[in-house]
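Below: the structure, in structure tokens.
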Amino acid sequence: MMIDKDLRQFLEKIMAYANRTGIAFITGNIYGGLAGFWDYGPVGVEIKNKIKEAWWNKWVRNRDDIVGYEGAIITHPKVWEASGHLSSFNDPLIFCQGKCKKKHRLDHLIIDSVNVKEEGIVVEELSIENLEKIVVDKNLKCPECKGDLGKPITFNLMFSTRVGPVQDTSSIAYMRPENAQLIFSGFKNVTDSTRVKMPFGIAHSGIVFRNEISPRNFLFRVREYELMEFEYFTNPEKTNECPYFDDIADYEINIYSRSEQIQKFDEDYVTMTVRDAWDKKIFKNLWQAYWLSLFGKWFIEELGINEKRLRFRQHLESELSHYALDTWDLEYHYPFGWKELMGCANRTQYDLEQHQKFSKTKLQFTEQVEGGVNRYIPYVVAEPSVGLGRILLTVITEGYTEEEVKGRKRVVLKIHPKLAPFDAAVFPLQKKDNVSKKAKEIFQNLRTEGFVVDFDVSGSIGKRYRRHDEIGTPFCITIDFETLNDNCVTIRNRDTMNQTRIPISNLSEELYRNQREYQVQ
Ligand code: GAP
């Protein structure tokens with residue numbers, strides 16, 4: 001029995017599942033929890049680390065043109081003045097004047113209370129004054145207590161703190177809301193200390209903080225999360241010279257462009273090759289088309305996301321951040337609708353120019369060219385940027401499956417084997433000395449080879465299978481009396497539940513083969 005992933009209740013199910021299996025918990029839950037902050041449990045932390053490692057390996061270690069950087073969480077406050085975050089990193093906020101006095105993010109409140117689709121309202125396009133007009137015209141009330149709503153204000157999402165013992169205005173500092181600014185303010189450190197050549201990228205993964213007005217939808221909108229992003233720099237005169245475009249040009253993607261959104265106002269997409277989208281001028285920049293498509297392919301082929309639930313949506317003009325010329329989101333069809341999984345902005349030269357102006361430090365790139373030297377402020381053609389928790393939520397939403405097996409419900413996480421919390425689980429069938437000893441030996445050998453393995457002796461074999469199906473362990477390996485004679489084990493596949501007997505010496509190759517050849521169902 002496949003469950004309907006469009007149902008909102010599905011999210012409740014996923015949250016209960018994540019709690020039950022040790023994936024994630026609201027932080028401080030013994031005290032009632034702190035909204036917007038999550039702890040990861042033993043299973044969640046393994047999946048999270050595997051996603052992070054997959055991202056870093058793919059986009060840094062296996063690229064010749066991208067290097068890593070890791071800035072401080074609290075940096076010089078001027079960075080946030082230069083970047084525009086202090087003045088522009090805002091959301092519209094409205095307070096209930098009735099009984100509950102709750103605060104709401106106004107654009108979300110309108111989406112939840114008005115049939116925006118039918119009425120042709122695009123909240124992203126509206127100023128705070130126009131949002132307020134909708135509240136008045138439609139007589140909107142507090143969704144919690146039905147009380148009157150007050151006058152909306154803009155609210156800055158940065159968390160501030162104090163540095164040092166003196167508590168005056170000069171000690172105010174901010175927790176970073178994005179990593180990009182550490183890349184821009186550290187740009188000169190990279191170019192001065194390495195031999196990077198244009199075009200190139202600088203990648204950064206790390207915790208960021210956003211004081212979201214209404215965190216919601218489990219790990220989707222939180223106040224503290226790990227952000228993985230890179231800035232890809234080019235010569236400003238060569239922003240459309242992407243030598244790798246042909247590698248991805250024939251790949252098919254689901255496009256929901258700006259004009260589709262304005263003209264049709266439906267939620268569909270059009271499937272076409274990246275080359276067609278470029279020829280039809282749907283993308284403005286070749287590099288942006290290249291990076292977006294490469295990421296789409298990565299999500300589908302390497303993280304196991306169903307291609308039908310992934311689309312490329314272009315931002316409307318009014319939605320663009322203050323620094324962006326054009327932005328596309330890779331959206332996933334979550335149980336609560338199509339929402340941004342990853343963003344990719346064309347940030348132009350905006351940020352480096354701002355930091356050059358505010359710091360009075362030259363942030364130019366110097367290139368030897370025929371007949372002399374070329375100096376310019378590099379241009380950011382693409383900034384693929386994605387939250388780690390959001391990927392984890394997507395991966396478990398995609399993989400969570402309920403099946404009926406011999407009249408009983410089986411919950412199985414059909415996650416890509418490379419992301420599973422354990423690569424395998426080892427079960428001795430009998431607790432007798434020799435069987436257990438042999439099982440321990442196999443378990444230790446797999447660990448020594450670098451696999452993440454669980455050793456499970458508690459409960460019946462059936463219970464152990466169910467426990468590991470639920471958290472997505474791709475293989476369960478059973479050791480019995482026969483193993484002592486024939487040096488073979490029974491290996492059970494999570495998805496097919498097929499059991500085969502193979503020599504112990506073939507185990508690691510079987511685990512690797514499955515990781516290599518895994519096909520999303
Ligand atoms: N440097 C660009 C930047 O930060 P963004 O669209 O604000 O862009 C990038 O955020 C990504 O971070 C999003 O695509 C999403 O994956 C994730 N993200 C944004 N806000 C989030 C939140 N409150 N909770 C969890 N993830 C979030």
Side-chain angles (χ1 to χ4, degrees), residues 24 26-27 35-38 40 48 51-52 55 69 71 79-80 83-85 88-91 105 107-108 124 155-159 174-185 201-232 288 291-292 295-296 298-299 303 305 310-316 319-332 334 336 338-348 350-352 354 380-395 397:
I26 186 91
T27 197
F37 297 90
W38 291 84
Y40 288 89
K48 189 162 79 80
I51 298 171
K52 186 173 163 175
W55 184 90
Y69 196 76
V79 167
W80 306 113
S83 69
H85 279 81
S88 308
F89 196 51
N90 301 322
D91 276 337
R105 191 169 147 178
D107 49 345
H108 288 174
E124 293 83 3
F155 172 76
N156 190 278
L157 301 187
M158 297 236 282
F159 276 103
Y174 302 91
M175 321 286 277
R176 64 183 181 211
E178 65 166 6
N179 295 322
Q181 296 310 323
L182 279 300
I183 297 176
F184 295 124
S185 53
I202 304 179
H204 190 305
S205 176
I207 301 283
V208 298
F209 301 83
R210 299 180 179 192
N211 200 359
E212 296 283 354
I213 295 169
S214 23
R216 57 178 170 176
N217 291 332
F218 186 29
L219 300 173
F220 183 81
R221 188 171 303 286
V222 296
R223 289 177 166 144
E224 174 190 328
Y225 69 96
E226 186 138 359
L227 180 60
M228 307 186 294
E229 54 188 355
F230 63 79
E231 306 301 319
Y232 201 78
Q288 208 180 13
W291 284 115
L292 271 161
F295 266 94
W298 182 65
F299 280 117
L303 300 197
I305 306 301
L310 199 68
R311 73 177 185 190
F312 294 56
R313 187 183 75 82
Q314 186 176 25
H315 278 207
L316 299 170
E319 255 181 287
L320 292 173
S321 307
H322 59 279
Y323 50 74
L325 181 73
D326 190 21
T327 299
W328 285 77
D329 287 343
L330 276 182
E331 290 191 333
Y332 177 74
Y334 290 95
F336 40 90
W338 284 106
K339 296 276 177 231
E340 171 182 357
L341 163 61
M342 185 190 101
C344 182
N346 173 341
R347 289 184 86 129
T348 70
Y350 176 85
D351 300 89
L352 286 180
Q354 285 292 101
V380 174
V381 279
E383 179 203 49
S385 174
V386 62
L388 180 50
R390 223 175 253 196
I391 302 186
L392 188 143
L393 172 64
T394 313
V395 162
T397 303

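Atoms within each ligand, like the ligands themselves, are counted from 1 in listed order. As a basis for the values below, the full set of heavy atoms in this structure was taken, side chains included, without hydrogen atoms, waters or symmetry mates.
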Inset, instruction - Can you pull out the closest protein heavy atom to atom 18 (N) of ligand 1? Residue, atom name and distance to 0.1 Å, please. - result: Y225 OH, 3.1 Å

Legend entry - Which of the ligand 1 atoms, numbered from 1, are nearer than 4.0 Å to a heavy atom of L341: 14 (O), 15 (C), 16 (O)

Legend entry - Close-contact set for ligand 1 against L227 heavy atoms, below 4.0 Å: 4 (O), 9 (C), 11 (C), 12 (O)

Inset, instruction - Report yes or no: is the cationic atom of R390 (NZ for Lys, CZ for Arg) under 6.0 Å from the centre of the six-membered ring of F220, at an angle within 45° of the ring normal? - result: yes

Legend entry - Atoms in ligand 1 flagged as close to E383, the criterion being non-hydrogen separation under 4.0 Å: 1 (N), 2 (C)

Inset, instruction - Can you figure out which of R210, K339, R347, R390 has its heavy atom closest to atom 7 (O) of ligand 1? - result: R210

Inset, instruction - Indicate, with yes or no, if the rings of Y334 and Y332 have centres closer together than 6.0 Å. - result: yes

Inset, instruction - With heavy atoms only and a cut-off of under 4.0 Å, state how R223 meets ligand 1: side chain, backbone, both or neither. - result: neither

Inset, instruction - Could you tell me the residue and atom name of the protein heavy atom closest to atom 6 (O) of ligand 1, and the distance to it rounded to 0.1 Å? - result: E340 OE2, 3.1 Å

Inset, instruction - Answer yes when E178 and R347 have at least one side-chain N-carboxylate O distance shorter than 4.0 Å, and no when they do not. - result: yes

Legend entry - W338 six-ring face occupied by R311 cation (under 6.0 Å, within 45°): yes

Legend entry - Centroid-centroid distance, W38 to Y225, less than 6.0 Å: no

Legend entry - Per-atom contacts of ligand 1 with E178, taking only distances under 4.0 Å to non-hydrogen atoms: 1 (N), 2 (C), 3 (C), 4 (O)

Inset, instruction - Check each atom of ligand 1 against the heavy atoms of G343 and keep those under 4.0 Å away; list them by number with element. - result: 14 (O)

Legend entry - Those residues that, when tested against F89, pass ring pair (Phe, Tyr, Trp, His ring centres under 6.0 Å) (two or more places apart): H85

Legend entry - Protein residue, atom and distance nearest to atom 25 (C) of ligand 1, heavy-atom basis: F220 O, 3.0 Å

Inset, instruction - Return the set of residues passing side chain to side chain donor-acceptor pair (under 3.5 Å) with N346 (not counting sequence neighbours), or none when no residue passes. - result: Y379

Legend entry - Closest protein heavy atom (residue, atom, distance) for atom 9 (C) of ligand 1: S385 OG, 3.1 Å

Inset, instruction - Just need the protein heavy atom nearest to atom 24 (N) of ligand 1, so name the residue and atom and give the distance. - result: V222 N, 3.0 Å

Legend entry - Check: N179 side chain, E229 main-chain N or O, donor-acceptor pair, under 3.5 Å: no

Inset, instruction - Would you kindly specify which portion of M342 sits under 4.0 Å from ligand 1, judged on non-hydrogen atoms: side chain, backbone, both or neither? - result: backbone

Inset, instruction - Keeping the roles fixed (side chain from N156, backbone from M158), state whether a donor-acceptor pair exists under 3.5 Å. - result: yes

Inset, instruction - Could you say whether the N/O atoms of G387 and ligand 1 ever approach to under 3.5 Å? - result: yes

